[in-house]
Number of protein chains: 2
Amino acid sequence: MAQQRARAVTQRGLAELAGVSVATVSRVLGSPPDQRHRWAAPETVRTILALAEDHGYTRNPHAASLRTARSNLVGVMVPRLQDFVLATIYEGIEEAAMENGINTYVMNSLDDTALQRTRTRAMIDRRVDGLIFGDAHLDDTFLDELREQGVPLVLTSRRREGHVSVTCDDYLGGRLVAEHLLELGRTDVVVLAGLEFASTAYDRTRGLIDRLAEAGVEVPENHLIYRGFDTAAGRQAMGEILEAGIRPNAVFATNDFAAIGALGVLQDHGFSVPNDVALIGYNDTPLAESVGIPMTTIRSKMHLMGREALLTLLALIAGKEVSSQKLEPELIVRASSAVSVRGTR
Amino acid sequence: MAQQRARAVTQRGLAELAGVSVATVSRVLGSPPDQRHRWAAPETVRTILALAEDHGYTRNPHAASLRTARSNLVGVMVPRLQDFVLATIYEGIEEAAMENGINTYVMNSLDDTALQRTRTRAMIDRRVDGLIFGDAHLDDTFLDELREQGVPLVLTSRRREGHVSVTCDDYLGGRLVAEHLLELGRTDVVVLAGLEFASTAYDRTRGLIDRLAEAGVEVPENHLIYRGFDTAAGRQAMGEILEAGIRPNAVFATNDFAAIGALGVLQDHGFSVPNDVALIGYNDTPLAESVGIPMTTIRSKMHLMGREALLTLLALIAGKEVSSQKLEPELIVRASSAVSVRGTR
DNA sequence: GAAGTCTACGAAATCGATTGCCGTAAACGA
DNA sequence: TCGTTTACGGCAATCGATTTCGTAGACTTC
């Protein structure tokens, strides 16, 4: 039989050993180092700290949460962790959470509104202090209802009118792509836009369209196709476009993975990238650089986004005034659009 | 000011409303439906259930955990959720957990032994009932120490001698690749093996080598290179191999992403895949099929692996006898190795 | 030197749920 | 008829930490 896990010491145990009351132990152990002396004599503080150390004391979070009605837990809902982008944002969240003594639950909603609801409920039932959503839908009021109920929440990756969010300035990202295309003179563009209910898809597309319009270029309705953000969706969308007889000289995918899927299809059909078709992705995931033809893309600060989202949520929980934040995107030009009359940089 | 979140009802509240004691409420609400009548009259049961429903009662898990010393929480440690494989395994874990009323914490250890320790500690401090590790190292005794302390734990993805694990039969996977190469007559193989301390890398490589040895083929020491599992590592490894003047007619990467990285490098150097070099990956991630040249790979049951890992952990926590499990791998032949004298597959 | 002001703690009430131990009745067995 | 189950459910102790009152003594202050 394996050695039984030693019964953990509690504050009561430490109190008895130190000859003080649990109240004192609680106060000493619960205060930040520079505040401890406010509660006990230096000698007492030292004794308690030493005992805690020796006996490997760790606070029982359930007991603490029961008393304080504060769990130091936040829930994170993402469409899918398989998505590199969300996994990276989550890393940022996790990092900032650890730094602040917070733990996180993550769940995949698969962008399914039913799952979104049941899993959010599961988190609330677990008494999280607040929630971060990476799967906001433009066309669903679930989040509004939640806020009505007074649940502290912050959005990230995708925004939604009326909610605090930390996102990439996707509209600007779209504009950057448009400007790049204008410079290249490749304005007969097809947009593999992602999912219609995601603000990322919407804003990136809108930014592109608006900027092109300012230059007098119209993007026809049938050049926009919404199929999803992953590789399979990119293949699908690109395939449909070609099948419809559309022959663009540029393709903008609102996600690198979709772009990679599109790349495969384009090559299968004998199109050269970038000579026949310039290809641009979004997010600057590692694959963008490593795939056969290094891909032009928009770099977004995913990790930072996660960090800021968590920090914002913490501020919100603390009752502070918080506001939305848009992180700046950056255009990264690579071979997949290296067709400019200027050098290939 | 947003509407204040209504103070949640507690069992005490329900008890008062129903005119019974909290003990009865607790028993009725805590028993499985078919056991409820053992504790209260049908009428009472109905009243309590109705009141709970009406007032949206949800059990306070902190209070319950405090009392029972059981949290219904399990911790999951993965090297990195950015890795599609681990993200998928986690989805399986999450799914099975939800079905069993269990919640999960996930954390990234980044395969850093220090992070591994501190984050595991953070989970234990949170009083998880058990842990699943997806980042076991062959050369580190951390997990052994943990088990000594009586912490219930199960490994997945990677195994480690002396621990219960749910993995893919990686050794067999390696053998399958070897057999495929023997059939193709492409036995001058380079192995981009991944990380040396990971059993996945070790077993897949060993399986390949052993099977080739049985056929009288030796894999020279310098044809094995350990650089990591991701795309960047694949690029790096492949680059070094070529720089060393090695010119294999087949490359086996123990991970699809590394394979994709290698593919890029091979093409950059003017090698044709599969004509000059056959390329084989591992895991059958969606990208394997979608990337320029559809890739031969080994399919592993990642989602199922996660499910089984969780179920195994639950059994372990329940005090049952559990044993390791190896899921069967399957060879998926695609264009990247379609060079057989037989038809293309 | 009387009245504040600190300092350093302690007592005890909570937080919400679980559970072992009992008590009371009605039903049952022989 | 009387002892024994069985059904139904209350009492009260706990789990471990936090926090509101207090209090006793030391120190100031005018």
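Order of the sequence lines sets the chain letters (A, B, ...), proteins ahead of strands, with each chain counted from 1.
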Checklist entry - Out of D:dA17, D:dG9, C:dA12, which has the shortest distance to the side chain of B:Ala40? => result D:dG9

Checklist entry - Which is true for B:His37 with a 4.0 Å heavy-atom rule: it touches a base, it touches only sugar-phosphate, or it touches nothing? => result sugar-phosphate

Checklist entry - Checking all strands, does A:Val20 fall into the base, sugar-phosphate, or nothing category for heavy-atom contacts under 4.0 angstrom? => result sugar-phosphate

Checklist entry - Under 4.0 Å between a side-chain N or O of B:Ser26 and OP1 or OP2 of C:dT18? => result yes

Checklist entry - Of the nucleotides D:dC8, C:dG10, D:dG9, which has the atom closest to the A:Thr24 side chain? => result C:dG10

Next on the checklist: Heavy atoms only, 4.0 Å cut-off, all strands: where does B:Gly13 land among base, sugar-phosphate and nothing?
Outcome noted: nothing

Checklist entry - Taking atom P of C:dT19 as reference, at what distance in whole Å does atom CG of B:Leu29 sit? => result 13 Å

Next on the checklist: Measure CZ/B:Arg38 against P/D:dA7 and give the value in whole Å, please.
Outcome noted: 8 Å

Checklist entry - How long is the line joining CZ of A:Arg70 and C1' of C:dG16, in whole Å? => result 20 Å

Item to check | Any B:Arg27 side-chain nitrogen or oxygen under 4.0 Å from OP1 or OP2 of C:dA17 | outcome: no

Item to check | Charged N-O contact under 4.0 Å between B:Lys301 and B:Glu308 | outcome: no

Checklist entry - Which part of the nucleic acid, if any, lies within reach of B:Arg59 when heavy atoms closer than 4.0 Å are counted: base, sugar-phosphate only, or nothing? => result sugar-phosphate

Item to check | Pairing of B:Arg158 and B:Asp135 as salt bridge, 4.0 angstrom limit | outcome: no

Checklist entry - Can you say whether the rings of B:Phe142 and B:Phe133 are parallel (under 30°), tilted (30 to 60°) or perpendicular (over 60°)? => result perpendicular

Checklist entry - Is B:Arg126 close to B:Ser71 at the side-chain level, that is, under 4.5 Å between some pair of heavy atoms? => result no

Next on the checklist: Does a side-chain N or O of A:Arg12 approach OP1 or OP2 of D:dC15 to a distance below 4.0 Å, or not?
Outcome noted: yes

Next on the checklist: For D:dG16 and A:Thr10 - does any side-chain N or O of the residue sit under 4.0 Å from the phosphate oxygens OP1/OP2?
Outcome noted: no

Checklist entry - Across the strands shown, which category fits B:Ala64 at heavy-atom distances under 4.0 angstrom: base, sugar-phosphate, nothing? => result sugar-phosphate

Checklist entry - Which comes earlier along DNA chain D counting from the 5' end, the contact point of B:Arg127 or that of B:Val25, where each point is its nearest nucleotide? => result B:Val25

Checklist entry - Considering only heavy atoms from C-beta outward, does the side chain of B:Leu146 approach that of B:Ile124 to under 4.5 Å? => result yes

Checklist entry - With a non-hydrogen cut-off below 4.0 angstrom, is A:Thr68 in contact with a base, only sugar-phosphate, or nothing? => result sugar-phosphate

Checklist entry - B:Ile48 has an atom CD1; how far is it from atom C1' of D:dG10, in whole Å? => result 13 Å

Next on the checklist: Check A:Arg307 with A:Glu94, please: is the shortest side-chain N to carboxylate O separation under 4.0 Å?
Outcome noted: no

Checklist entry - Roughly, in whole Å, what's the span from CG in A:Leu66 to P in C:dT18? => result 12 Å

Checklist entry - To the nearest Å, how far apart are A:Trp39 CH2 and D:dG22 C1'? => result 13 Å

Checklist entry - In whole angstrom, what separates B:Glu16's CD from C:dG16's C1'? => result 13 Å

Next on the checklist: Looking only at the side chain of B:Arg67 (C-beta and beyond, no hydrogens), which of the listed nucleotides D:dA17, C:dC9, C:dT19 gets closest?
Outcome noted: C:dT19

Item to check | Interatomic distance where CG belongs to A:Leu14 and P belongs to D:dA17 [whole Å] | outcome: 8 Å

Checklist entry - Should A:Thr44 be listed as having a side-chain N or O under 4.0 Å from OP1 or OP2 of C:dA8? => result no

